[in-house]
Structures are given as C-alpha cells and as structure tokens.
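Notes follow the structure.
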Amino acid sequence: MPKVSHLFFRAGILFLIVGIGLGLIMSISQQHDVIGAHAHINLLGWVTSALFGGYYALNPAKAEGMLPRVHFWLYTAGVAIMSVSLYLLLKGNTGMEPLVAVGSLLTAAGVLIAAYVIFTPAAAGRMQPAE
Ligand code: HEM
C-alpha cells in the first residue's frame with residue numbers, strides 16, 4: 001500500500017477514536033451539545049480520510065510525487081484545526097469562529113486537490129495496477 005494511504009488510514013483511525021469518544025461522552029452525559037464536532041470528526045476525519053487512503057491504494061500511480069503528500073497534510077491539518085475549534089465553539093468559546101473558518105478552508109482546499117488528483121491521468125510511465 002502506498003505511504004500516503006497508510007498516512008490517511010492512521011490519521012483516520014485517530015479521528016475515529018476521538019469522534020467515538022465524543023459520541024460516548026454525549027450519550028453518557030445525555031448532553032448532546034457537540035453533535036456538530038462529533039459528526040464532522042467522524043465523517044471528515046474518519047470516513048473521508050479512509051476513502052482517500054483507499055483511492056490511493058487502488059491507484060498507486062496516483063500516489064506518486066509531491067501532490068498526494070500536500071493533499072494529506074493540508075486536508076488533515078484542516079480537519080484537525082476545524083475539529084478542535086468547532087468543539088470549543090460549541091462549548092461556548094465564540095472567539096473560535098475565525099479558527100473554524102481557517103480549518104474549513106484548509107479542508108476544502110484538500111478536497112480540491114483530491115478532485116485534481118482524481119480527474120488528472122497518472123503521468124505516463126508510472127506504475128499502473130493490472131486492469
Ligand atoms: C460509539 C460510537 C458512537 C456514539 C456513541 C455516537 C453517539 C452519538 C450521539 C449521542 C449523537 C447525538 C444524537 C442526537 O442528539 O440527535 C450522535 C449524532 C451523530 N453521529 Fe454519532 N455516535 C457514534 C459514532 C458515529 C460514527 C462512526 C459516525 C459517522 C461515521 C457518527 C455520525 C453521527 C452524525 C452524522 C450525527 C448527527 C445526527 C443528526 O444530527 O441527526 N456517529 N452520535
């Protein structure tokens with residue numbers, strides 16, 4: 001499996017542990033005040049990261065070069081910043097709003113890189129899996 005796939009799965013499983021932890025805390029405390037953070041950590045942090053990791057594993061030619069690394073770091077930093085600041089915002093720290101915006105924009109930039117990678121054919125001569 002390409003290194004960038006490992007990176008996406010490792011980051012993803014850490015997000016899932018945190019996301020499920022928040023879900024359990026909400027359930028046990030019966031205080032559902034951080035649903036937004038819980039849902040985004042699980043869906044952007046775990047589900048989407050695992051989809052990106054799976055895509056690169058199925059298309060190893062696309063995992064070569066710098067762009068997949070930029071994709072990983074931009075996207076993961078964005079989701080991490082957004083998750084923490086959104087959690088704090090939902091807990092009443094209104095000053096977190098600009099940080100939520102920064103995290104969201106980084107996350108969106110990561111998704112645009114993913115779209116570019118998906119739509120651009122792999123460079124000629126790069127390893128392609130058997131069809
Ligand atoms: C042990 C695991 C989990 C627990 C204990 C848990 C717990 C919760 C709780 C208590 C809520 C609030 C429900 C409400 O007030 O309406 C919630 C909402 C939500 N959870 Fe989880 N959750 C878990 C795993 C997950 C996972 C893995 C995902 C996604 C991959 C997820 C996605 C969502 C979403 C999208 C919502 C919002 C639903 C809505 O607004 O209608 N959860 N969860």
Side-chain angles (χ1 to χ4, degrees):
M1 189 156 76
K3 188 163 181 217
V4 72
S5 295
H6 277 292
L7 288 172
F8 269 120
F9 275 102
R10 283 179 184 157
I13 197 71
L14 294 178
F15 281 123
L16 182 61
I17 291 168
V18 175
I20 282 183
L22 274 188
L24 289 170
I25 290 169
M26 284 195 297
S27 303
I28 293 163
S29 65
Q30 295 189 351
Q31 211 180 329
H32 297 181
D33 53 348
V34 290
I35 300 178
H38 164 76
H40 284 89
I41 291 170
N42 280 327
L43 293 171
L44 286 174
W46 164 239
V47 179
T48 309
S49 294
L51 286 173
F52 288 148
Y55 177 82
Y56 284 117
L58 290 170
N59 299 275
K62 297 284 189 82
E64 292 180 23
M66 269 299 288
L67 199 57
R69 298 290 166 91
V70 176
H71 171 201
F72 170 77
W73 286 109
L74 206 63
Y75 181 80
T76 306
V79 176
I81 292 169
M82 186 181 151
S83 301
V84 174
S85 53
L86 183 58
Y87 173 85
L88 293 172
L89 180 70
L90 294 173
K91 282 290 184 188
N93 297 279
T94 48
M96 284 294 129
E97 229 163 279
L99 215 52
V100 176
V102 170
S104 314
L105 290 171
L106 289 176
T107 303
V111 169
L112 290 180
I113 294 178
Y116 179 83
V117 169
I118 290 169
F119 276 100
T120 310
R126 286 197 174 156
M127 179 183 50
Q128 289 281 7
E131 297 208 354

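Both counts, for ligands and for their atoms, begin at 1 and track the order of listing.
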Does atom 15 (O) of ligand 1 have a protein non-hydrogen atom under 4.0 Å from it?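 Protein heavy atom within 4.0 Å of atom 15 (O) of ligand 1: present.
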Distance flag for atom 38 (C) of ligand 1, protein heavy atom under 4.0 Å: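 Not a single protein heavy atom is under 4.0 Å away.
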Ring-plane angle category for His71 and Tyr56, please: parallel below 30°, perpendicular beyond 60°, tilted otherwise.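 Rings of His71 and Tyr56: tilted, as their planes differ by 30° to 60°.
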Report, in ascending order of atom number, the atoms of ligand 1 lying under 4.0 Å from any heavy atom of Val47.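 By the 4.0 Å cutoff, the relevant atoms are 30 (C).
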Leu43 heavy atoms, cut-off 4.0 Å: which ligand 1 atoms fall inside?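 Listed by number with element, the hits are 29 (C), 30 (C), 35 (C).
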Look at the side-chain heavy atoms of Ile, Leu, Val, Met, Phe, Trp and Tyr, link any pair under 4.5 Å apart, and say whether Leu16 and Leu43 land in one connected group.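 Yes; Leu43 is reachable from Leu16 via cluster members.
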Please check if Ile20 and Ile13 belong to a single hydrophobic cluster, counting links between Ile, Leu, Val, Met, Phe, Trp and Tyr side chain heavy atoms closer than 4.5 Å.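 Yes, it is one cluster - the side chains of Ile20 and Ile13 are joined through contacts under 4.5 Å.
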Distance from [atom] to nearest protein heavy atom, with residue and atom:
atom: atom 34 (C) of ligand 1; answer: Ala39 CB, 3.7 Å
atom: atom 1 (C) of ligand 1; answer: Ile20 CG2, 3.4 Å
atom: atom 12 (C) of ligand 1; answer: His32 ND1, 3.6 Å
atom: atom 31 (C) of ligand 1; answer: Asn42 ND2, 3.5 Å

Return the [atom1] to [atom2] distance between [X] and [Y], rounded to the nearest 0.5 Å.
X: Leu58; Y: Tyr55; atom1: CG; atom2: OH; value: 9.0 Å
X: Phe72; Y: Phe52; atom1: CZ; atom2: CZ; value: 11.5 Å
X: Leu89; Y: Glu97; atom1: CG; atom2: CD; value: 5.5 Å
X: Ser85; Y: Met82; atom1: OG; atom2: CE; value: 7.5 Å

Does any N or O atom in His38 lie less than 3.5 angstrom from one in ligand 1, N or O only?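 The answer is yes, given that His38 and ligand 1 share an N or O pair closer than 3.5 Å.
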Short N/O distance, under 3.5 Å, between Ser27 and ligand 1?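 It does not: no N or O of Ser27 is found under 3.5 Å from an N or O of ligand 1.
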Pick from Val34, Ile35, Leu16: the one approaching atom 40 (O) of ligand 1 most closely through a non-hydrogen atom: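 The nearest heavy atom belongs to Ile35.
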Winner among Gln31, Gln30, Met26, His40 once heavy atoms are compared against atom 9 (C) of ligand 1: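 That would be Met26.
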Ignoring hydrogens and geometry, is there a side-chain-to-backbone donor-acceptor pair from Ser49 to Phe8 under 3.5 Å?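 It does not hold such a pair.
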